[in-house]
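First the proteins, then the strands, lettered A, B, ... as listed; each starts at 1.
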Number of protein chains: 2
Amino acid sequence: MTSRGAGGGGGLGSEAGVGSGAGTGAGADLHLELRVEGARRAALAQALRDAVRSGRLAGGTRLPPYRTLAADLGLARNAVADAYAELVAEGWFTARQGSGTRVAEGVAAAAAPAAPAGPAPERPRFDLLQGKPDPASFPRGPWAASARRALAAAPTEAFGPGDPHGRPELRRALAGYLSRARGVRTGPENIVICSGFANGLRLLASIRPRDWAVEAYGLPFHHGILEAAGVRPHPLPVDGDGARTDEVPARARTLLLTPAHQFPTGGRLLPARRAAAVEWARTAGGLIVEDDYDGEFRYDRKPVGAVQGLAPDHVVYAGSLSKSLSPALRLGWLVLPEDLVGPVLAAKGLRESWASALDQLALADFIECGGYDRHVRRMRRHYRDRRDQLVSVLAARAPEVRVTGISAGLHAVVELPPGREAPALAAAEAAGLALDGLSSYRHPAASGPSREGLVVGYAAPPNAVFGRAVGVLGEVVRGLEGGGG
Amino acid sequence: MTSRGAGGGGGLGSEAGVGSGAGTGAGADLHLELRVEGARRAALAQALRDAVRSGRLAGGTRLPPYRTLAADLGLARNAVADAYAELVAEGWFTARQGSGTRVAEGVAAAAAPAAPAGPAPERPRFDLLQGKPDPASFPRGPWAASARRALAAAPTEAFGPGDPHGRPELRRALAGYLSRARGVRTGPENIVICSGFANGLRLLASIRPRDWAVEAYGLPFHHGILEAAGVRPHPLPVDGDGARTDEVPARARTLLLTPAHQFPTGGRLLPARRAAAVEWARTAGGLIVEDDYDGEFRYDRKPVGAVQGLAPDHVVYAGSLSKSLSPALRLGWLVLPEDLVGPVLAAKGLRESWASALDQLALADFIECGGYDRHVRRMRRHYRDRRDQLVSVLAARAPEVRVTGISAGLHAVVELPPGREAPALAAAEAAGLALDGLSSYRHPAASGPSREGLVVGYAAPPNAVFGRAVGVLGEVVRGLEGGGG
């Protein structure tokens, strides 16, 4: 509660390199016991909270640089960065440009039951990690109005045990919306509400545990879900026109695709390849899982319709609110071929992995009253402006660099020549930028040449810092060019 | 859309015994293909929806009696009853006293995307199944006010990716509430928000997959979760004073208890047995999982504090909104010993089985502003009145029958002599009552004599029909006595 004393209690004396251009910080000796393998980031965050609560990390103490702690604990640098960001968001830590990450003052006391709320959360630094919509743009007023109307209009049984299938009001609203906005062909009965794409993927993997063809680039988290379900993955090459759907191996029974905007490389699946995928499904009796994670955000022409519309009996269409509105709602949907509805409901079970019925009713109202369309249109303009700003800054500062995947979505890829990704990431980190390298999205079983680049999420940073973040990115990329490859 | 034609299309001609006292209904030949083993009820409900959508079951068609369809499909009668109730709740079926369950008029058309909402749901009959709070008592106004305040006050990061640990606002509010109302000793950091007790149990079973001592009577759904996780169960005998915690076998590492109100037999765990459980945990290094499913509803004296308060380092306290407010929110919490927080977060993973952040924020406000306490007090009076009405009707109509477990909770047990449960259930069904037999809650691995009875949930029926439902139950029980055993 008093001065910003350096060091603090319990054998901790370290220098933070965040934002200070250092990143070397020798002598960091923060002792932490990680309790589990597995979700190491969560365990690290918990160990850090424990250290603050117990007083081992006193208020004002500077945390070690990510790379130092990561090396000490045998973790990925990003895991440490994420854990720090989480504790900043929760108010345990504070982060300030030029002063690194520190333990917030007074939080150990505030953690006691009767204490008031901790300090207001703030952003750690320049967060350009992909996958997050702008949290500041959540339509609080319109959503509150929908929630209030939905709560008043809900039938009594809506407050009862509920149905894993999802609220009928929401399934009706989604059937209409998806048909109109995404070209999906479905009725409400083929829609199953779930708690996000990961939940849906887990359900599908549990009922189709055999061979899946996947894109050679994708979210490692999704690869892990398939692996945990015992799926044998067969990565398909990916180029600027999406995945090579003409190369689905004979033994694959399921094909996971991101047709509207290949994740994360950014290509749109070529019409001929859409046709090839559907042809494969029809001929081989296979199933396509269409991850339409950001299909609503296309900037330079009308959105491409869903592949599902071509072959509703052979495609599962999966969507969620996680990009279009907020991941905090844990709300998604699967549009299923007739014969998969029963098995998916059975896999879902009777008591968990449902979305809140109240949120479901609120979303139904939000869609029906046009609020969802208005929000998506507003965000499309917002994200397009940011995309334009990113592209023009990079074009000005590093004209040689190719920026791809920019016609849609919430992220872009800054392509880099072989061997340049690692130094680029190090330079970005030293400059206080959080972002990922393209190679970390490559499927471990993929063959062929690897691609390098920076995956730049441009949706989430606050308006106040976005320009600066992009400027810093431009300097980093220009510096790379100067440094030669 | 026109007349209530009997029979309808596709080889369906059947009589419904629901509420008509028949229950024999020969000649029912509803053909259904169930697509999966496993959650058969969900599959049945889906098959029925399909039959309505496809027109095979025309509007106005009477459904076969539960027992007939159950026998045809090799399902439990309750599974059929539940599937019917679900379709009534969704508006596919209607149920009326004396006229049985019928396909609603016009729903096949309404299932098309652009159609308006289906008919308003209504209750199927007299639903005395345990486990459900009164859906009509959901505090819509106060909850809407909390949701609105919470949405306005939420920090920006609340709309971002979130934290599987749960919102800090809610963990702080719960730490205060549980300490005050249930004698739980915890800080916010030891609380992990989950999506209900089943979700919490699954997480715990995944990190403690070995031998568990369980109560000989409990929810089959919970037994199934443990079994699916590979847990070896050791049922403990249960009597009027709860489980025999002095008989925990040496190999058990975890002990699952319902100390406040043994489920479903209704005893309160004797102080000496609470002490024995804690002593076992301390000596054997074991873990107690305390399922406090209805701990807030005790009618004749102050609530008993949680066992967790005796030994916070050896007890996981588990609670949820499913009885106190509504199961539709899918919101629960685990209060964990320090060393289990990391493993549970790791088991939870980074992307699903979370409760909606907006609901979490609304609940935090609802607790902090006193709304939750007011609701619980109001419901305690409401349920106590219903309990009193049930007890007095049964005392008047069937004075010989013992009704137990009545000092707390949302259900009571009508004890029956050996051999009388099956005829009692048949008579109840014929009279249009939905309820379960006590023997269906017995753990399959339990030894010793079995107990028989009716488990009567008295919380959920609408006020308008509760008196009649209890009257019918009184007649059923009186008839049993007359029939002699």
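Contact of B/A152 with chain A is made through the backbone alone, with heavy-atom distances under 4.5 Å. Of the two parts of B/A362, neither the backbone nor the side chain holds a non-hydrogen atom closer than 4.5 Å to a non-hydrogen atom of chain A. Of the atoms belonging to B/A147, not a single heavy atom falls under 4.5 Å from chain A.
Screening residues 190-201 of chain B for salt bridge (charged side-chain N to carboxylate O under 4.0 Å, His left out), with sequence neighbours left out, gives no hits.
Atom-to-atom distance recorded for B/L358:CG and A/S356:OG is 8.5 Å, nearest 0.5 angstrom. Annotation: the span from A/R330 atom CZ to B/Q360 atom CD amounts to 11.0 Å, rounded to 0.5 Å.
For the pair A/R148 (side chain) and B/A144 (backbone), a donor-acceptor distance under 3.5 Å is absent.
For the residue pair A/G160 and B/P135, the shortest heavy atom distance occurs at N-CB, 3.9 Å. In plain terms, the two heavy atoms of B/K132 and A/P161 that are nearest each other are CD-CG, 3.2 Å.
The residue among A/I207, A/L329, A/L325 with the most heavy atom pairs within less than 4.5 Å of chain B is A/L329. Contacts with chain A were tallied for B/P133, B/A173, B/S326; B/S326 has the most, counting heavy-atom pairs under 4.5 Å. Heavy-atom pairs under 4.5 Å with chain A were tallied for B/A145, B/S137, B/A154, B/A328; the largest tally goes to B/A328. When each of A/G332, A/A357, A/P327 is checked for heavy-atom pairs under 4.5 Å with chain B, A/P327 comes out on top.
Applying the side chain to side chain donor-acceptor pair (under 3.5 Å) rule to B/R180 yields the partners B/D373; only residues at least two apart in sequence or on another chain are considered.
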